[in-house]
Amino acid sequence: EDGAKKGVVTKKAPTREEDLRLNHAATIGTALLVINSHRAMILLVAIIGFLPIISTIKLYGGANNASSSMVEFLQQSNIRVPQNNTFDCDYLETTIYSWLRSNAYAYRDEKPASSEISLVWARLLPLRCPFQTEYGNEGVITADLCKNSVVSLQNTSVCQVWGQGTATSTPSEIAQLFNPVIRSGEIQQWTESTELYGEEFYVSAMFDEEHVVHMVNQLSFWLQL
């Protein structure tokens, strides 16, 4: 009988102190879970926030300031030859036509063999040289080039857009000249203006930034996943 009693294992009822420890352990576990979830959220937000910055430091990455820089360059050339003498006008004419031809098309890295229109409209003031008034375009140099039989791009697709631009053209109106029509929001206008010798020296140009809009929308889509 005594041996049988010795073989029985009795369990003690948990004390109040043990209950408190168990409750504390559960609370600590929940707290750690919450803290870890907060850390994961912070890490995820940091990755998403730095992803656009990381993409700009890659080779050929970063903001593309080519369009604004080219408008600034043409304005500097415009200011350097303010007179209407033969030398200044010859220099300005050569500079304008070279600038137009170099900015007419954009060559994309992903499509090396193809090109698309980049510059869609440009205007330069003041009107001080004969070549600026010869075609009656009020300083719209893109239209002038398409009417100049010597240096024009008359037989190319670019003049289908350039040849119809006017002094009052807006991005929305220029967008309608494309076939197929593009959105006006894809056209970016850059303007440089300086007061000099009592006259306004002014250069304004519109560029088709369709590829930039496409890239930004694509990156925004991936960031929202």
Return the [atom1] to [atom2] distance between [X] and [Y], rounded to the nearest 0.5 Å.
| X | Y | atom1 | atom2 | result |
| --- | --- | --- | --- | --- |
| Asp144 | Glu138 | CG | CD | 10.5 Å |
| Ser102 | Tyr97 | OG | OH | 14.5 Å |
| Glu93 | Glu134 | CD | CD | 8.0 Å |
| Leu119 | Arg101 | CG | CZ | 13.0 Å |
| Asn84 | Leu127 | CG | CG | 12.0 Å |
| Trp99 | Thr94 | CH2 | OG1 | 15.5 Å |

Check whether any side-chain heavy atom of [X] lies under 4.5 Å from a side-chain heavy atom of [Y], and answer yes or no.
| X | Y | value |
| --- | --- | --- |
| Thr191 | Val203 | no |
| Glu192 | Tyr202 | no |
| Tyr105 | Ser118 | no |
| Phe207 | Asn103 | yes |
| Trp121 | Val140 | yes |
| Ser68 | Val71 | no |
| Thr166 | Asn137 | no |
| Asp208 | Glu186 | yes |

Would you say [X]'s side chain and [Y]'s backbone share a donor-acceptor pair under 3.5 angstrom?
| X | Y | answer |
| --- | --- | --- |
| Asp88 | Gln83 | yes |
| Gln164 | Gln160 | yes |
| Glu173 | Thr170 | yes |
| Gln75 | Phe201 | yes |
| Thr133 | Pro130 | yes |
| Ser169 | Gly165 | no |
| Gln132 | Pro126 | yes |

Less than 3.5 Å apart, any donor N or O on the side chain of [X] or [Y] sitting next to an acceptor on the other?
| X | Y | answer |
| --- | --- | --- |
| Asn78 | Arg128 | yes |
| Ser193 | Glu200 | yes |
| Gln189 | Ser204 | yes |

Taking all non-hydrogen atoms of both residues, which atom of [X] and which atom of [Y] are closest, and how far apart?
| X | Y | answer |
| --- | --- | --- |
| Val161 | Ile174 | CG1-CG2, 4.3 Å |
| Gly139 | Leu125 | CA-CD2, 4.4 Å |
| Ile187 | Ala175 | CD1-N, 3.7 Å |

Looking at Phe131, I'd like to know if its CZ atom is crowded, meaning that more than 12 non-hydrogen atoms belonging to other residues, nucleotides or ligands lie closer than 6.0 Å. yes
Phe87 vs Tyr91 aromatic rings, parallel, tilted or perpendicular, using cut-offs 30° and 60°? parallel
Would a single hydrophobic cluster contain both Leu177 and Leu145, if residues Ile, Leu, Val, Met, Phe, Trp and Tyr are joined by side-chain heavy-atom contacts under 4.5 Å?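 Both belong to a single hydrophobic cluster.
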